[in-house]
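Comments concern the structure below.
The figures that follow rest on heavy atoms only: side chains count, while hydrogens, waters and symmetry mates do not.
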Protein chains: 4
Amino acid sequence: MKQSPRVLGRPRHNENAKPTKDIVLETATRLFIKEGYKNISMDDVAKACNVTKATVYYYYPTKGDLYTSALIAMMDRIRLAILHILEQPSPFKERLEQLVEVHLSATVDIDMKNFMREASINLSESQLKEVHISENKIYQTIEQAMQLEMEKGTIRKGNATFFAHTFMAMMSIGYFKDGEGKRLFNTVQETAKEVTTFFWQSVHNNE
Amino acid sequence: MKQSPRVLGRPRHNENAKPTKDIVLETATRLFIKEGYKNISMDDVAKACNVTKATVYYYYPTKGDLYTSALIAMMDRIRLAILHILEQPSPFKERLEQLVEVHLSATVDIDMKNFMREASINLSESQLKEVHISENKIYQTIEQAMQLEMEKGTIRKGNATFFAHTFMAMMSIGYFKDGEGKRLFNTVQETAKEVTTFFWQSVHNNE
Amino acid sequence: MKQSPRVLGRPRHNENAKPTKDIVLETATRLFIKEGYKNISMDDVAKACNVTKATVYYYYPTKGDLYTSALIAMMDRIRLAILHILEQPSPFKERLEQLVEVHLSATVDIDMKNFMREASINLSESQLKEVHISENKIYQTIEQAMQLEMEKGTIRKGNATFFAHTFMAMMSIGYFKDGEGKRLFNTVQETAKEVTTFFWQSVHNNE
Amino acid sequence: MKQSPRVLGRPRHNENAKPTKDIVLETATRLFIKEGYKNISMDDVAKACNVTKATVYYYYPTKGDLYTSALIAMMDRIRLAILHILEQPSPFKERLEQLVEVHLSATVDIDMKNFMREASINLSESQLKEVHISENKIYQTIEQAMQLEMEKGTIRKGNATFFAHTFMAMMSIGYFKDGEGKRLFNTVQETAKEVTTFFWQSVHNNE
DNA sequence: AATGAATGAGGTTTCATTCAT
DNA sequence: TATGAATGAAACCTCATTCAT
């Protein structure tokens, strides 16, 4: 199968097309999420974007840089989605439930821990630091909401960071599939309800 | 000076030495745990064992097989350790606390999800199934203990599988490190206590 | 506070600034001399000039052309420097000594042979010819001086071309560094004196 | 053009064939000498040896290592050839003449300086050190002969190291070709005679 | 039981060059 | 005059795997 032939040099600019750089980043993010860092080659990314490897390198000088950018973009999206939900006026417990629902249906097949692990193995010190900052921001967003609710008296006083991490960890249960591909609960909604209820039982204020 | 005593005749190939096959498996397990499937080559394993690649292939026909065996061996060890603790006579809550402690100090830097992910990407259908079985057994071990305690009335009645997964997920919080390498809690003991307390708050029976 | 005085109207594109073409050539020369043809990419040159690759190509249609121009410019400079010294009124031996001094301190870390070699491997027939012409001119300059001194009777009659090459070859001793980076002589002056003395011993006229 | 197909794995051992490692080294040496480090790719070497790149890497873990080994092997050969000549019983001047002759006809198209330059640009610190040691040994071999002849009174007392370097530098004149490919002298013998005579004029003892 | 030699496929990266603007 | 975007070819290197010994 021959690729459609392409002229050298800069192609005529198409007004309403997305910039190549963005296409590369989005495609790469999608692929990395599905298959992980080592299983996706720069050529895979290039082919999925219909450009050549050299083009990918034109925008992202190393594979590590591309991965770094992809992770950061992904985490930023996640953080904003979380923030958006947490800023709603509905009761905290409901917002938490929605968080799980959105997280499980919208994103990825997999939780952030995996990405952080691949990052820590494969990225350079400085790249890793960048990713860590983005990760932290996610936790801080949840943490701040927890803090606020503690002050409001909705939930009991405690270690907000710990609460945030616990909640995120519990979320990830929703991704579990057993050998036959069966999930723990039948629907995302049910998962969300169960997880939140469990969490709430520990943190709600029963003064 | 006394000579060290020596048996007569040709020694039967150093009886105390572990069989090569086991050395390979243990070494491989250690390496895969630290760096993941794709980051460890068969040559890495061979070198770390002080044998040649061909020797590794002599015992494990493909890299996937080696990984499969390594995961299964690891999970079996984990399951047995868990079982050992859960069979103690001490109160359930204490046993749970011990579980966290042992898990965090003994094993890996990382929770099982990572391995399952790499497995699902890189292994063949049948290899993956084998690993899944071993994984399931771990959850079942905890699940059964939960079931038992429900019947005894120590904890409230509920979805034991869900409880098991929740507990395991919460454990993994102990591995978290932020950008500066700081953990959530200072000691493994503290982590164990906090995690268990949180979990217990949700599941204990307060009839 | 007085404002710095300013001419009215649009400045004619910074008159004191060197034309880009010259900047590129000078920068390229410097880089090629330090690292050789193959180790310097067009992008390296561009970056060192603070322009883009395309700009470099705007002035020099191929890398070979740029290298050719760089070599020729360098050799012209060398030839003029040599000529300048040889035209002085001081005794020939002194002029030779000065030649060594200037050559060793001013130029490069390396003698012309290296450049000729890279040229012969990497340049096109016609480019190579251009460079050869420039190289020849250098030798001819020295050769003519030798010829003149032979006629004047300062040095013995002999093969002036051979003398010129011998002298240039001996100069290059000054660049030698051993494994620890130590030179043969401590100062350029000492080198110049030793080299010239050695050469003079062979060529001076002792009628 | 398809290569003749080759079976995987270790081929049946051919008794009287040279070991592959040696073939690779010899071929690589030849190619590097002709075209220089950067102009010869590992694939070039492999193809010239009728093996695959991977085989070359099997014996020489990096291109730098291969180059290092090639240079060292070459320099060792040169040193031994030089030593062999210098140990003859004939008069020193004759031996020097022979040195030039053999050097110019046997080896390379190019003098050692080029290799040292490419080495210094492209090799690692430790590889470069290895090469430097081999280079030094060549100079020391000549130096010692000079020293000996000084003591015998054949040549005047002086800086033996300087003499050795000067002689080697003068040798390299024999490689010079002008734009039309013409050499300075018609035959190697003539070159040898002229060079030696020039050198001798400076160093012979005329007490 | 273990090894040494070899391969083919593929990975990341570099680079000279082109072309529309 | 100068640039930004893109390419194709080739560079270095890695790795799972094979097979005669």
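Between C/A54 and D/Y37, the one whose closest nucleotide on DNA chain F sits nearer the 5' end is C/A54. Residues B/V56 and C/G64 each lie close to DNA chain E; by heavy-atom proximity, the contact nearer the 5' end of the strand is made by B/V56. Each of C/T62 and B/V51 has a nearest nucleotide on DNA chain E; the 5'-most of these lies closest to B/V51.
The listed nucleotides are E/dA6, E/dT17, E/dA2; the one nearest the side chain of B/Y59 is E/dA2. Of the candidate nucleotides F/dA2, E/dT17, E/dA6, E/dT17 has the atom lying nearest to any side-chain atom of C/K53. Of the candidate nucleotides F/dT7, F/dA6, F/dT3, F/dA6 has the atom nearest to the side chain of A/T20. Checking E/dG8, E/dG4, F/dC13 against the side-chain heavy atoms of D/T52 singles out E/dG8 as nearest. For D/K63, whose side chain is taken as the heavy atoms from C-beta onward, the closest listed nucleotide among F/dC13, E/dA5, F/dT17 is F/dC13.
If you check every strand for non-hydrogen atoms under 4.0 Å, D/T55 touches a base.
Base pairing analysis places E/dT21 opposite F/dA2; the two distances defining the Watson-Crick or G-U wobble pair are each below 3.5 Å. Summarising the base pairing, F/dC12 is matched to E/dG11 through a Watson-Crick or G-U wobble pair whose two defining distances lie under 3.5 Å.
Remark: C1' of F/dC12 and OH of D/Y67 are 17 Å apart, rounded to the nearest angstrom. D/Y60 has its OH atom 16 Å from the P atom of F/dC12, to the nearest Å. Nucleotide E/dT14 holds its P atom 11 Å from the CG atom of C/D44, rounded to whole Å. Rounded to whole Å, the distance from CE on C/M42 to C1' on F/dT7 is 17 Å. Distance OH (D/Y57) to C1' (E/dG8): 15 Å, rounded to an integer number of Å. Remark: C1' of E/dT18 and CG of C/D43 are 15 Å apart, rounded to the nearest angstrom. Put simply, CG on B/D22 is 13 Å from P on E/dA1, counting in whole angstrom units. For C/Y58 and F/dA5, the OH to P distance is 21 Å, given to the nearest whole Å.
Between C/A28 and C/V45, the closest heavy-atom pair is CB-CG1, 4.1 Å.
Using a 30° and 60° split on the angle between ring planes, C/Y67 and C/F32 fall in the perpendicular class, above 60°.
Using a 4.5 Å cut-off on side-chain heavy atoms (C-beta onward), C/Q127 and C/V131 make no contact.
At a cut-off of 3.5 Å, with distance as the only test, no side-chain donor of D/T68 or D/D65 sits close to an acceptor on the other residue.
Counting only distance, with no hydrogens or angles, the side chain of A/K38 and the backbone of A/N122 share no donor-acceptor pair below 3.5 Å.
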